[in-house]
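The next block holds one structure in the form of structure tokens; read it before the comments.
Here is how names work: the chains are called A, B, and so on, in the same order as the sequence lines, proteins then strands, and each is numbered from 1.
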Amino acid sequence: MEDKLKIYNTLSHKKELFEPLNPPHVGMYVCGPTVYGDAHLGHARPGITFDIVFRYLKHLGYKVRYVRNITDVGHLVNDADTGEDKIQKKARLEELEPMEIVKYYTDRYHENMRQLNTLPPSIEPTASGHIIEQIELVKKILKNGYAYESDGSLYFDVEKYNKDYRYGKLSGRRIEDLLHNTHELAGQEEKHNAFDFALWKKADPSHLMHWPSPWSEGYPGWHLECSAMGAKYLGETFDIHGGGMDLLFPHHESEIAQANAATGHDPVKYWMHNNMITINGQKMGKSLKNFITLEEFFTGKHKSLDQPYAPMTIRFFILQAHYRSTLDFSTEALKAAEKGLRKLFDALYLLDDVKPAATSSVNIKLIEEKCYQSMNDDFNTPMVIAHLFDLAHGINQAYAGKESLTQEDIAYTRKLFSSFLFDLLGLKDEKEKDDSQLIEYLMKTIIEIRQEAKNKKDYATADMIREELAKMDIQIKDTKEGAKWNFK
RNA sequence: GGUACCGUGGCCGAGUGGCUAGGCGGAGGUCUGCAAAACCUUACACAGCGGUUCGAAUCCGCUCGGUACCUCCA
């Protein structure tokens, strides 16, 4: 009964059996980054979380279409749907075209995600490339009576919508509470209610990014792109929509509202949300300015880092926590992850040296079963990793002669181990250094040893080193400046 | 104030009614020229107070503490 995949659905607050709408096809949409700055540790979490979902669903035999957007239309820096947009602000600061900003940070984001060994999405649409689809969606909402125009801008009529549907079903909010709890915001005169959100904004003359529309020269509202592009590539109703918990409200809530207003039904069957990464117990985020970029982790160049941390260390660190739990960052925790991952790889390699026995004392099939149960239980990667450590322990014991494995089980263990470690968890061993660098280093060491022998007038050893290297076409030449070497 | 959630050993982090989570770190030992790895043993826990139960880290209530969202944020 535990052998079926269950996914925690934010909409129902329960783990639900995963049943795709159109098997074997699965449609998954994940909110991608707004490209106006380098990706930080927080961005790695949805990247990795939904990479695991993507990999596992494919492993189960589903044909998955994974859509992750790039938000490259400037949305607003601050509250109240007024003011300067984020990309424009960056462009002004750096004296660049907005699209130069977009291109630069999109490339950097891709590079970071590649380093983290996440598989590229099937489709990666940009908001700026789907202005027409967004305008069409606004038209539908307007036609159905859930939007109003106000001086060239269009707003979603939340109050009207809430009478026919229910605004707040995802986040558990009630419209009455929203009324009372909304902050005093400036520049809201155009809205009927403070909680109404923009579908289309008229651009003021200084605004750099704008497009023509039936209502004004302007730009689309923030929540619109995901609704429009999700529907375009995955259909009006699709299986999974993912993103960070901080997008739950108002972003995803508004997506649901827009879809219902346009089509009359919900857009998504399973809503998945990854939790936040914290630093000193607080959310790591742009606004708190307490974030560390992935680049800084990989190079070690940040004041709170004492060394570089490899992309796989970051990946393993993230996978050691369940995606719905907060994860507290510290260098101590990262070091523990680094060592733990090394231990797993070492055990896998040690498998080559385990002597086959007539019988097996380790139950590999049971561990395999537990691994699948853990994955099926809402992608419980920390449990999977714990089982892999058990497997590593079994291998080490077999090597030490305390347990035994048959030839067949050794092969099976290798397959199981690498399948989970490499294919499903997406980890890889980065230990291999650049070959030329390694050879330089080895030759330097060998030459030092030979010099040491020569100093002791141990010419037999010195000659032996030279002759052995010659067999590999490496030539040693003793010069006035010391020994030199080259390939013959 | 509203909504959602959390509080597990030195650190990170699973577990949701009875059976060792796991990793890192610590202590002792085996092995060993030294070191590392591996192996063995071991200490350290479920925020507090009540309740339900034969039995609770796990369910319920209260208290204390913390976080996220309610404005851009993964």
Side-chain angles (χ1 to χ4, degrees), chain A residues 10 13 30-34 36-37 39-50 71 74-83 85-86 89 168 170-174 176-186 194-195 197 222 242-253 273-278 281-289 291 316-317 319-344 346-347 350 370 374 377 380-390 392-393 395-403:
Chain A
T10 310
H13 294 271
V30 176
C31 290
T34 303
Y36 68 110
H40 59 75
L41 186 60
H43 293 93
R45 199 156 197 202
I48 290 169
T49 297
F50 294 102
T71 298
H75 294 298
L76 301 167
V77 176
N78 59 25
D79 46 20
D81 288 330
T82 61
D85 84 50
K86 287 179 287 201
K89 183 179 176 193
L170 183 68
S171 58
R173 269 161 240 265
R174 286 169 304 162
E176 306 87 71
D177 299 331
L178 290 171
L179 259 181
H180 295 300
N181 298 322
T182 307
H183 298 191
E184 275 297 312
L185 300 174
F195 48 65
F197 55 88
W222 175 40
M245 263 183 193
D246 49 355
L247 298 178
L248 215 154
F249 189 91
H251 186 53
H252 292 157
E253 194 71 71
H273 291 95
N274 62 273
N275 213 319
M276 301 292 108
I277 288 180
T278 56
Q282 266 205 323
K283 174 185 169 180
M284 184 181 279
K286 279 241 160 67
S287 45
L288 288 163
K289 297 190 174 130
F291 61 91
F316 189 68
F317 169 69
L319 291 176
Q320 269 193 303
H322 187 87
Y323 75 90
R324 283 190 287 114
S325 300
T326 54
L327 172 59
D328 198 46
F329 152 81
S330 68
T331 54
E332 208 178 354
L334 277 182
K335 281 202 180 72
E338 190 175 47
K339 286 198 178 184
L341 181 58
R342 185 75 257 144
K343 188 172 175 174
L344 287 180
D346 285 346
L350 195 65
K370 285 181 177 174
S374 301
D377 185 16
N380 196 331
T381 53
M383 281 299 282
V384 172
I385 288 168
H387 298 319
L388 292 183
F389 274 114
D390 287 344
H393 185 63
I395 293 168
N396 288 332
Q397 281 197 314
Y399 175 76
K402 309 247 175 180
E403 299 278 4

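- In this structure, A:Gly172 reaches the sugar-phosphate backbone alone: every heavy-atom distance under 4.0 Å involves primed, P, OP1 or OP2 atoms, never a base.
- Remark on RNA chain B: of its neighbouring residues A:Leu350 and A:Ser171, the 5'-side contact belongs to A:Ser171, judged by nearest-heavy-atom nucleotide.
- Taking a pair as Watson-Crick or G-U wobble with both distances under 3.5 Å, the runs of three or more consecutive pairs in RNA chain B are B:1-7 with B:64-70, B:10-12 with B:22-24, B:26-30 with B:38-42, B:47-51 with B:59-63.
- Between A:His322 and A:Asn380, the shortest heavy-atom distance links the atoms ND1-CA, 3.8 Å.
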*Under 4.0 Å protein heavy-atom contact, by nucleotide of nucleotides 12-24 of chain B - B base, S sugar-phosphate only*: SSSS-----BSBS

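- Here B:U3 is the nucleotide among B:C73, B:C69, B:U3 with the atom lying nearest to any side-chain atom of A:Arg174.
- When atom types are taken as modelled, the side chain of A:His387 and the backbone of A:Val384 share no donor-acceptor pair closer than 3.5 angstrom.
- Looking at heavy-atom distances under 4.0 Å, A:Met245 makes no contact with the nucleic acid at all.
- The side chain of A:Gln282 contributes no N or O atom lying less than 4.0 Å from OP1 or OP2 of B:G66.
- For the pair A:Leu327 and A:Gln320, the minimum side-chain heavy-atom distance is 4.5 Å or more.
- Spacing between B:G1 and B:U8 at atom C1', rounded to whole Å, works out to 31 Å.
- Straight-line distance between the C1' atoms of B:G65 and B:C54: roughly 34 Å, to the nearest whole Å.
- Formation of a donor-acceptor pair under 3.5 Å by the A:Gln397 side chain with backbone atoms of A:Lys402 is not found in this model.
- For B:C46 and B:G13, the C1' atoms lie 13 Å apart once the distance is rounded to whole Å.
- Where A:Leu247 and A:Leu288 each meet RNA chain B at their nearest nucleotide, the meeting point lying more 5' is that of A:Leu288.
- The gap from the P atom of B:G50 to that of B:U42 amounts to 33 Å, rounded to the nearest Å.
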Determine all donor-acceptor pairs shorter than 3.5 Å in which one atom belongs to a side chain in residues 244-251 of chain A; sequence neighbours excluded.
from	atom 1	to	atom 2	distance (Å)
A:Asp246	OD2	A:Lys283	NZ	3.3
A:His251	ND1	A:His223	ND1	2.9
A:His251	NE2	A:Glu255	OE2	3.2

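- Rounded to whole Å, the separation between the C1' atoms of B:G33 and B:G26 comes to 27 Å.
- Nucleotides B:A57 and B:A47 are separated by 12 Å at their C1' atoms, to the nearest Å.
- Here the C1' atom of nucleotide B:A68 and the CE atom of A:Met284 are 16 Å apart, to the nearest Å.
- Within the 4.0 angstrom heavy-atom criterion, no nucleotide atom of any strand lies near A:Glu338.
- The side chain of A:Ile277 lies closest to B:A74 when the candidates are B:A38, B:C70, B:A74.
- The side chain of A:Lys286 contributes an N or O atom lying less than 4.0 Å from OP1 or OP2 of B:A74.
- Atom name P, nucleotides B:A38 and B:G25: the rounded distance is 9 Å, in whole Å.
- Side chain of A:Thr326 to main chain of A:Ile277: no donor-acceptor pair is present (N/O by atom type, distance under 3.5 Å, no hydrogens or angles).
- Remark: A:His393 is in phosphate contact with B:C40, judged by side-chain N or O atoms under 4.0 Å from OP1 or OP2.
- Counting any heavy atom pair closer than 4.0 Å across all strands shown, A:Leu248 reaches no nucleic acid atom.
- The side chain of A:Asn274 contributes no N or O atom lying less than 4.0 Å from OP1 or OP2 of B:A74.
- Contact annotation: A:Trp222 does not reach the phosphate of B:U71 (side-chain N/O to OP1 or OP2, under 4.0 Å).
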